[in-house]
Amino acid sequence: MTAKLQTVLRQAQKGRYAVGAFNISDLEQAQAVVRAAVALHAPVIINTSEKAIAYAGLEELAAFVLAMAKKYPIPIVLTLDHGHELRLARACVDRGYTGIMFDASRLPFRQNVRRTAAIVRYAHRRQIGVEGELGQVKYPSEIAQDRRLVLTDPTQAHTFVRLTKVDAFAVAIGNAHGVPQAREHLDFTLLAQIKKMIDVPLVLHGASGTPPAMIRRAIHFGIAKINIDTDLRLAFSQALRRELRRDAHEFDPRGLLGPSRDAVMATVKKKIVLFGSRNKSKS
Ligand code: G3H
Ligand code: ZN
């Protein structure tokens, strides 16, 4: 069934587990994520980034994810991930997306508030929840330019949530997108301070490659949504390379991509168990 971002996250917050938000850009990956969640009776969030939408098409992505949501009895949330363009974010809401992650974190505070609040107003008219970000969860290309962390300020976070009325809040506590080059250090003292200041569910981005003990700790300190992309891409592409090596003459896309779909599914299952969302589809 389709579910709203704010509903599954509030339940996770109450139940002290985290819902996995997994990035997809094609049918195989979407099926892998949904099948893993169905097998483990877990609520799940399907993330589509602006680039994924540019690659696969908004109508196409919405059509096949929402069709799967209709087919299976678990809560499935379809979200825009790291939306920067207000026009696209509105189009996602109009297409039946059930959550929006809007990222204006690279803009000065006031502009971040203004743009995030604008999409919140639009989405809330249709009872769709919005996640915002303050501080910067950097990408590898940004880290290569400047290694300095831009962490979330707890007091500013409070003001941001109050002014924008977001339903979920993405923290920057030392986490980064991609597989960490060096050992990632998450600042749990900072996370606890943020948690004290705001009551909307907290989100951890860039969780690929983060050690399981750190993930458990993050959930203990209030993280209710965890975003995973790179680990799924790695599982997909490693399986595809293996398959091409195993049978150099295979030319049927189903033969080549089936093992990749299975590999993504296995990875998603491990994450669901780690996040504690197994058997939470009815809570
Ligand atoms: O929004 C998506 C993520 O934050 C994924 O990060 O590629 O490090 O898993 P990741
Ligand atoms: Zn992210």
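Quick caveat, the model's predicted, so the values are computed rather than measured. Computation of the quantities below employed the complete heavy-atom set of this structure, encompassing side-chain atoms and omitting hydrogens, waters and symmetry-equivalent molecules. Just follow the structure's listing: the first ligand is 1, and inside any ligand the first atom is 1.
Contact annotation: for Met101 versus ligand 1, there are no heavy atoms closer than 4.0 Å. If you look at Val137 next to ligand 1, there are no close heavy atoms at all, none under 4.0 Å.
The local environment of OH in Tyr139 is crowded, with over 12 non-hydrogen atoms from other residues, nucleotides or ligands closer than 6.0 Å. The 12-atom threshold is not exceeded at CZ of Arg16, counting heavy atoms of other residues, nucleotides or ligands nearer than 6.0 Å.
Remark: of the listed residues Asp167, Ile45, Ile128, Ile45 is the sole one forming a side chain to side chain contact (heavy atoms under 4.5 Å, CB included) with Leu5.
Not one N or O on the side chain of Glu243 forms a donor-acceptor pair closer than 3.5 Å with the backbone of Asp247.
Taking the N/O/S atoms of His177 in turn, the shortest distance to the Zn ion (ligand 2) belongs to NE2. As for His205, its N/O/S atom nearest the Zn ion (ligand 2) is the one called ND1.
With a 6.0 Å cutoff to the six-membered ring centre and a 45° limit on the axis angle, Arg126 counts as a cation-pi contact of Tyr122.
Among all non-hydrogen protein atoms, the one lying nearest atom 6 (O) of ligand 1 is Gly206 CA, 3.2 Å. Scanning all protein heavy atoms for the shortest distance to atom 1 (O) of ligand 1 gives Asp81 OD2, 2.6 Å. Given atom 9 (O) of ligand 1, the protein heavy atom at minimum distance is Ser208 OG, 2.5 Å. Looking only at heavy atoms of the protein, atom 7 (O) of ligand 1 is closest to Thr230 OG1, 2.5 Å. Looking from atom 8 (O) of ligand 1 to the surrounding protein, the closest heavy atom is Gly178 N, 2.8 Å.
In this pair, His82 and His205 present their aromatic rings perpendicular. The plane angle is above 60°, beyond the 30 to 60° band.
With hydrophobic clusters built from ILVMFWY side chains whose heavy atoms lie under 4.5 angstrom apart, Val268 shares a cluster with Ile74.
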> Taking it one step at a time, do Arg261 and Gln31 satisfy side chain to side chain donor-acceptor pair (under 3.5 Å)?
Replying inline: CA-CA 8 Å; Arg261 183 169 64 182; Gln31 287 177 321; 2.6 Å; yes
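Close approach of ligand 1 to Asn23 (heavy-atom distance below 4.0 Å) involves ligand atoms 2 (C). Close approach of ligand 1 to His82 is summarised as follows: ligand atoms under 4.0 Å from at least one heavy atom of the residue are 1 (O).
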